[in-house]
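Beneath this line is the structure, given in structure tokens, with notes to follow.
Since the model is a prediction, treat every value here as computed from it, not as a measurement.
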Amino acid sequence: MVNPTIEQAEAIDSYGDGLDLVLQAGAGCGKSATLRMIAQADARRRMTYVAYNSAIASDARRSFPSNVMAKTGHGLAFDPRYGQRLGRPRQTAHQAAQALDVRSILGIIGATPTILTDLGGMKAMTSKIIMRMALDTVTRYCYSADDEIIQKHIPHYDGLKKNRGEVVKLVLPVARAAWDDLKNDDSVLNLAHDHYLKMWALSKPTIPTDVVLLDEAQDTNDVLSAVLLAQEHAQRIAVGDSAQQIYSWRGANDALEGFVHELGCPELTLSQSFRFGPAIAARANEWLRLIDAPLRLTGWEAAESTVGPLDVPDAILCRTNAGAMGIVMEGLAAGRKVALVGGGAAIKNLAWAAEALQGGRPTDHPELCGFASWDDVRQYAAEEDSSLEVLTKLIDEHGPARIVAAADGLVSEQQAELVVSTAHRSKGREWPAVRIHGDFRAPKPDQSTGLVILPREEARLAYVAVTRAREQLDDTALAWVSTVTAVRE
């Protein structure tokens, strides 16, 4: 066993005292390694390591001692009886709407209902679109610790925010009907992993273990947090980095904060990064100071790291799917072998959704389903949401067909000369040389106060992005950080 740092030794000692514990561990500061040291320090007790994803769980099964069961939250909840339902052919929103009979649920006879959009036009709310929104609502409910589906679980869709009451009237009854169907073994709707996790949580399970080790706790959904907090028979240890909480938009909350509040447990820190040297640590600390994080990183003196312009990075990290799409197009046009973390499906789906709107057809894509036409997307991007401008420019310049073809031309990361990723998908990853893309836009000054206010989650996302580099970081695109005067939730 590698000798622990002073901070790691303190964590192991706190475990030995039998205390519930929260560990705030910065980027590259050995979160998983510390949990492994705790497990190795006490082979007598049954431990359950709850991993962020299946790849981390698989690695833990190889590296943790035999007294540790390593699972994802979904792995804890899985029952073999779900296997057949999970293996069904893909079900489109249109097929789901027909199977559930959306029009009958809503009592619709005759014409398709319409909703006044934020831009003043009328949006046809087809059964397919209502079903897509209802399934999105069920997913958000499954992320929560709530017992019932209510209005707050319905997402806020661009283009349909001002007339939300009408959206709720159409979507909420269908979402509740969908959930009632999904709870049945003979459901007409396809079961997803988040569905059975929620059903498991509602059953108030007891995990047969003496110790729960929760990794990446800052992005744990409330549904899983509630289950783990209820394991009063077990000692609970949560490790993560509150500054890397970047999935609140899809229902994840900071379980570290919840553990401290609910359990009253001590909060220790791991601040020595083993990923990069002092230069990159200094850049990371700018963002940690901005969000008033509870720790500052110490760079690894043995690691040489530099900050400055990069001509040939190993990876380019983008704020948006559209930004990633643009870099992919540029790379392929230059004849480079390009990989996209997560694959090209998200880009292709966006391109197909844009193509539908251009052709006067509705789309159920969550980013574009609130718009009646492509002209509406352009107008909304110009007036309300500058992040959509990258998408509209790319679609108008290249066309959906060329973008789909580019996505089909991607190679694996092992074959790639350049890896492209959104910052969200880069979480848990690292590369020798990283450039931050220019679609991390500087916030505009508030018109009434003059303050330059940055949403807190955007600052956390920038912190995640700059801490993906091991040796070289080009964060020129984030030079505007010095102009930020405040952060807000």
Side-chain angles (χ1 to χ4, degrees), residues 53-55 57 71-106 108 125-150 153-155 157 167 170-203 205 221-224 227 247 249-252 321 342-350 352-353 356 361-369 425:
N53 59 37
S54 57
K71 297 257 188 179
T72 63
H74 293 99
L76 290 171
F78 180 74
D79 188 303
R81 78 174 193 272
Y82 299 136
Q84 186 173 2
R85 293 168 70 192
L86 291 167
R88 289 178 183 176
R90 180 177 178 271
Q91 186 179 55
T92 65
H94 176 69
Q95 291 167 333
Q98 290 181 315
L100 200 64
D101 196 354
V102 165
R103 292 177 69 89
S104 176
I105 291 168
L106 295 173
I108 297 172
M125 295 294 288
T126 63
S127 294
K128 177 178 79 169
I129 290 174
I130 294 170
M131 190 72 238
R132 178 71 269 151
M133 292 179 174
L135 291 173
D136 291 345
T137 300
V138 169
T139 297
R140 285 170 62 94
Y141 161 68
C142 288
Y143 291 155
S144 77
D146 301 320
D147 291 333
E148 303 290 340
I149 297 177
I150 55 178
H153 299 126
I154 301 173
Y157 295 97
V167 174
L170 293 172
V171 174
L172 192 56
V174 179
R176 288 172 171 167
W179 180 243
D180 286 341
D181 172 73
L182 286 164
K183 289 185 291 185
N184 298 321
D185 287 340
D186 58 350
S187 64
V188 300
L189 299 179
N190 276 9
L191 186 74
H193 296 284
D194 290 326
H195 299 153
Y196 68 71
L197 176 60
K198 181 66 174 182
M199 288 187 273
W200 174 71
L202 289 171
S203 74
N221 290 327
D222 285 351
V223 61
L224 182 57
V227 170
Y247 285 107
W249 54 274
R250 74 175 193 190
N321 280 320
I347 283 179
K348 290 165 72 172
N349 288 336
L350 262 175
W352 286 326
R361 302 184 306 279
T363 176
D364 64 345
H365 192 286
E367 292 185 45
L368 299 177
C369 65
R425 285 191 177 272

Heavy-atom pair with the smallest gap, counting every atom of Leu197 and Gly73: CD1-O, 3.6 Å
Would you indicate whether Arg425, at its atom CZ, is surrounded by more than 12 heavy atoms from other residues, nucleotides or ligands within a distance under 6.0 Å? no
Which pair of non-hydrogen atoms, one from Ala97 and one from Met131, has the smallest distance, and what is that distance? N-CG, 3.6 Å
Is there a side-chain contact between Tyr141 and Asp147 in this structure, where contact means two heavy atoms from C-beta onward sitting under 4.5 Å apart? no
For a quick test of reading the model, state the closest non-hydrogen atom pair linking Ile149 to Thr137 and the distance between them. CG2-CG2, 3.9 Å
Check: Thr139 side chain, Leu135 main-chain N or O, donor-acceptor pair, under 3.5 Å: yes
Stepwise, does the side-chain contact (heavy atoms from CB on, under 4.5 Å) test hold for Tyr143 with Asp222? CA-CA 6 Å; Tyr143 291 155; Asp222 285 351; over 6 Å; no
Examine the side chains of Asp146 and His153 and answer whether a donor and an acceptor come within less than 3.5 Å of each other. yes
Do Thr92 and Lys128 touch side chain to side chain, with heavy atoms closer than 4.5 Å? no
State the OG-NE2 distance between Ser54 and His193, to the nearest 0.5 angstrom. 9.5 Å
Note, Val174 side chain near Val171 side chain (heavy atom, < 4.5 Å): no
Measuring from Cys369:SG to Met133:CE, what's the distance to the nearest 0.5 Å? 3.5 Å
Given side-chain contact (heavy atoms from CB on, under 4.5 Å), test Arg90 with Gln95 step by step and report yes or no. CA-CA 10 Å; Arg90 180 177 178 271; Gln95 291 167 333; over 6 Å; no
Are the side chains of Cys142 and His195 in touch, meaning some heavy atoms are under 4.5 Å apart? yes
Between the side chain of Asn184 and the main-chain N/O of Asp186, is any donor-acceptor distance below 3.5 Å? no
Flag side-chain contact, heavy atom, 4.5 Å: Leu191 against Tyr82: yes
To the nearest 0.5 Å, what is the distance between CG (Asn53) and OG1 (Thr72)? 8.5 Å
So how far is it from Arg81 CZ to Asp185 CG, rounded to the nearest 0.5 Å? 5.0 Å
Kindly check if the number of other-residue, nucleotide or ligand heavy atoms within 6.0 Å of NE2 (His74) is above 12? yes
Does any non-hydrogen side-chain atom of Arg176 lie less than 4.5 Å from one of Glu148? no
I need the minimum non-hydrogen distance between Ala353 and Leu368, along with the two atoms involved. CB-CD1, 3.8 Å
Donor-acceptor pair, side chain of Asn349 and main chain of Ala345, under 3.5 angstrom: yes
Minimum-distance pair of heavy atoms, taken over all atoms of Ala356 and Pro362: CB-O, 4.0 Å
Is there a donor-acceptor contact under 3.5 Å from the side chain of Asp181 to the main chain of Leu189? yes
With a 4.5 Å heavy-atom cut-off, do Val102 and Leu106 have their side chains touching? yes
Any side-chain heavy atom of Leu76 sitting closer than 4.5 Å to one from Trp200? yes
On a heavy-atom basis, which atom in Val138 and which in Ala178 lie closest, and how many Å separate them? CG2-CB, 4.2 Å
Go through the steps to decide whether Asp136 and Tyr157 satisfy the test side chain to side chain donor-acceptor pair (under 3.5 Å), and finish with yes or no. CA-CA 11 Å; Asp136 291 345; Tyr157 295 97; 2.9 Å; yes
Using modelled atom types and a 3.5 Å cut-off, is there a donor and acceptor pairing between side-chain atoms of Lys198 and backbone atoms of Ser144? yes
So, Gln91 side chain and Val188 main chain: donor-acceptor pair closer than 3.5 Å or not? yes
About how many Å separate CG of Asn221 and CG of Leu224, when rounded to the nearest 0.5 Å? 7.5 Å
Nearest-0.5 Å distance, CD1 of residue Ile108 to OG of residue Ser127: 5.5 Å
Short side-chain to backbone donor-acceptor contact, Arg85 and Leu182, under 3.5 Å: yes
Any chance the side chains of Asp364 and His94 put a donor and an acceptor closer than 3.5 Å? no
